[in-house]
Amino acid sequence: MGNQWDFAIMTDSAANLSKQVIDQFGLAVLPLTYTVDGVEYKGYERDREVPAAPVYDMMRNQKEIKTSLVNGEETEQIAEELLKAGKDLLYVGLSSALSGTCQVVRFTLTELGETYPDRQIFVIDSLSASVGEGLLVQHAARLREEGCSIRETAAWLEQNCVRVCHEFTVEDLFYLKRGGRIGTAAALLGSALKVKPILRMDEEGKLVSGGRARGRKKSLDMLAGQTADTISHPEQQTIYIVHGDCREDAEYLADRIRQGIPVKDIQIQMLEPVLGSHSGPGTVGVVYMGMHR
């Protein structure tokens with residue numbers, strides 16, 4: 001995990017990174033977990049891809065899914081392995097406005113810092129989620145490849161994390177309501193009127209309203225329009241589209257974005273299971289570097 005670099009990069013499974021990216025950059029990944037019918041599943045397992053599709057089938061079958069933060073003991077074990085090897089450590093975590101994961105890791109690494117006073121340890125609250133968090137992790141890894149120090153990399157992340165734009169829509173407001181992300185009144189109104197909400201991340205890493213559309217296709221069209229309005233230098237960056245087991249809708253959004261802007265590349269992937277259990281099947285989101293949130 002990062003032996004060829006001066007410092008190690010650690011993140012959590014909410015970053016929605018593929019095994020290919022994790023291996024390419026030698027990343028350490030802390031797993032969030034989810035529990036169904038008393039069985040606990042990890043959002044990440046070393047050396048294998050964890051399929052996300054089954055969790056969406058479980059939700060469609062009305063299974064109750066409970067999610068958990070990263071485990072403090074496991075965090076300590078993974079981090080200490082890196083620190084013992086003489087590596088400084090940079091952690092990029094899921095928005096603290098959505099989860100206590102970053103707080104757990106910060107506490108654990110602060111304690112380890114007392115044991116390893118010669119090591120530099122940085123904890124970055126990404127103020128992001130899913131591929132937005134993952135986008136920042138990849139930027140950090142590329143800065144490291146270019147020879148930036150851990151301090152320089154951490155400073156870049158702090159200065160640029162609010163440029164990562166996330167907009168998404170959901171098929172059913174029930175999951176966001178159950179998780180406390182939206183109120184009951186808003187959920188009932190949306191369901192009654194067939195309104196599809198547009199949600200986004202604000203500068204504090206919270207989920208806030210970004211508008212609403214009547215019907216599925218119009219909500220996807222709105223995502224494409226907001227991307228065109230906000231994106232910075234699309235010809236130079238990869239746009240990420242994430243979906244809750246609805247590939248066709250993600251492809252539709254990708255086509256609409258390509259029609260509107262000269263994008264360098266678009267990558268589509270399924271939303272990982274822990275965050276996906278909070279947004280539900282049919283979620284579609286777009287993530288990119290913008291001028292502002």
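Computed from a predicted model, the values in this text were never measured in an experiment. Residue numbers start at 1 and run along the sequence shown.
In terms of the salt bridge (Lys or Arg N to Asp or Glu O under 4.0 Å) criterion, residue partners of D57 (sequence neighbours excluded) are, by chain and number, R60. Evaluation of the ring pair (Phe, Tyr, Trp, His ring centres under 6.0 Å) rule for Y56 yields no partner, not counting sequence neighbours. Legend: residues meeting side-chain contact (heavy atoms from CB on, under 4.5 Å) with V104, ordered by chain and number and at least two apart, are L69, V70, T108. The salt bridge (Lys or Arg N to Asp or Glu O under 4.0 Å) test applied to K206 returns E204, not counting sequence neighbours. Listed by chain and residue number, T169, S219, M222, L223, Q226 satisfy the side-chain contact (heavy atoms from CB on, under 4.5 Å) test with I198 (two or more places apart in sequence, or in another chain). Under the salt bridge (Lys or Arg N to Asp or Glu O under 4.0 Å) criterion, E76 pairs with no residue, sequence neighbours left out. Residues meeting the side-chain contact (heavy atoms from CB on, under 4.5 Å) test with D88, sequence neighbours left out: F7, R119, Q120, I150. Among residues two or more places apart in sequence or in another chain, the side-chain contact (heavy atoms from CB on, under 4.5 Å) test is passed with D265 by T238, Q267. Evaluation of the salt bridge (Lys or Arg N to Asp or Glu O under 4.0 Å) rule for E49 yields no partner, not counting sequence neighbours.
Between the side chain of Q269 and the main chain of N16, a donor-acceptor pair closer than 3.5 Å is present. Judged by distance alone, with hydrogens and angles left aside, the side-chain atoms of S126 form no donor-acceptor pair with the main-chain N or O of V92 at under 3.5 Å. Using modelled atom types, no side-chain atom of R256 and backbone atom of D221 make a donor-acceptor pair closer than 3.5 Å. Between the side chain of E272 and the backbone N or O of G43, no donor-acceptor pair lies under 3.5 Å.
Residues V274 and T33 fail the side-chain proximity criterion, which asks for heavy atoms closer than 4.5 Å. The side-chain heavy atoms of I65 and T35, taken from C-beta on, include no pair separated by under 4.5 Å. At a threshold of 4.5 Å between non-hydrogen side-chain atoms, the residues K196 and K218 do not count as touching. In this structure, the side chains of I231 and I257 stay at 4.5 Å or more apart for every pair of heavy atoms. Residues P197 and V170 meet the side-chain proximity criterion, which asks for heavy atoms closer than 4.5 Å. Between R200 and V208 the shortest side-chain heavy-atom distance falls below 4.5 Å. With contacts defined as side-chain heavy-atom distances shorter than 4.5 Å, the pair D245/P281 does not qualify. Side-chain contact between D6 and S149 is absent, with no heavy-atom pair separated by less than 4.5 Å.
Residue pairs meeting the ring pair (Phe, Tyr, Trp, His ring centres under 6.0 Å) criterion with at least one member in residues 206-243, sequence neighbours excluded, do not occur. Residues in residues 125-150 take part in these ring pair (Phe, Tyr, Trp, His ring centres under 6.0 Å) pairs, two or more places apart or across chains: H139-W156.
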Stepwise side chain to side chain contact (heavy atoms under 4.5 Å, CB included) test for T230 and H292: CA-CA 7 Å; T230 312; H292 56 80; 4.3 Å; yes

Full working for side chain to side chain contact (heavy atoms under 4.5 Å, CB included) between E171 and T283: CA-CA 6 Å; E171 184 64 33; T283 300; over 6 Å; no

Worked check of side chain to side chain contact (heavy atoms under 4.5 Å, CB included) between I239 and V287: CA-CA 6 Å; I239 291 176; V287 173; over 6 Å; no

R142/E145 under salt bridge (charged side-chain N to carboxylate O under 4.0 Å, His left out): CA gap, chis, key distance, verdict: CA-CA 5 Å; R142 292 191 178 99; E145 282 190 334; 5.8 Å; no

Stepwise side chain to side chain contact (heavy atoms under 4.5 Å, CB included) check, M291 with S232: CA-CA 5 Å; M291 295 173 281; S232 175; 4.0 Å; yes

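Annotation for C161 and S128: closest pair O-OG, 4.1 Å, computed over non-hydrogen atoms. When every heavy atom of C102 is checked against every heavy atom of L94, the shortest pair comes out as CB-O, 3.7 Å. Nearest approach of E158 to V123, heavy atoms of both residues: OE2-O, 4.4 Å. Across all their heavy atoms, G113 and I121 have their closest contact at CA-CD1, 3.8 Å. Annotation for S277 and T67: closest pair OG-CG2, 3.2 Å, computed over non-hydrogen atoms. G205 and S95 make their closest contact through O-OG, 2.8 Å (heavy atoms, listed as atom of the first residue, atom of the second, distance).
Taking hydrophobic clusters as Ile, Leu, Val, Met, Phe, Trp and Tyr residues chained together by side-chain heavy-atom distances below 4.5 Å, F122 shares a cluster with L83. Hydrophobic clustering of Ile, Leu, Val, Met, Phe, Trp and Tyr side chains at less than 4.5 Å, counting indirect connections, keeps V50 apart from M270. I124 and L136 end up in the same hydrophobic cluster when Ile, Leu, Val, Met, Phe, Trp and Tyr side chains are linked at under 4.5 Å. Each of V242 and V286 belongs to its own hydrophobic cluster when Ile, Leu, Val, Met, Phe, Trp and Tyr are linked at side-chain heavy-atom distances under 4.5 angstrom. Grouping the Ile, Leu, Val, Met, Phe, Trp and Tyr side chains by contacts below 4.5 angstrom, directly or via other members, places V36 with L275.
The structure places CG of L199 at 4.5 Å from CZ of F168, a figure rounded to the nearest 0.5 Å. Atom CG in L143 sits 12.0 Å away from atom CD in Q138 (nearest 0.5 Å). Atom CE of M201 and atom NE2 of H166 lie 4.5 Å apart (nearest 0.5 Å). Atoms CG and CD1, on D249 and I268 in that order, are 10.5 Å from each other to the nearest 0.5 Å. Put simply, CD1 on I261 and OH on Y288 are 8.5 Å apart, with the number rounded to the nearest 0.5 Å. Between the CD atom in Q77 and the CG atom in L82 there is a gap of 11.0 Å [rounded to 0.5 Å].
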Can I get a per-line list of side-chain donor-acceptor pairs under 3.5 Å for residues 19-30, giving both atom names and the distance, sequence neighbours left out?
unit_1	atom_1	unit_2	atom_2	d
K19	NZ	D23	OD2	2.7

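The existence of a salt bridge linking R293 and D202 is excluded, since no basic side-chain nitrogen approaches an acidic carboxylate oxygen closer than 4.0 Å.
By the neighbour-count criterion of 12 heavy atoms within 6.0 Å, atom CD of Q236 is densely surrounded, having more than that number from other residues, nucleotides or ligands. A 6.0 Å sphere centred on CD of E73 holds no more than 12 heavy atoms belonging to other residues, nucleotides or ligands. Heavy-atom neighbours of Q103 CD from other residues, nucleotides or ligands within 6.0 Å: at or below the threshold of 12.
Both tests pass for K217 against the ring of Y252: distance under 6.0 Å to the centre and angle within 45° of the axis.
Side-chain contact check for Y44 and D12: no donor-acceptor pair (N or O, by modelled atom type) lies under 3.5 Å.
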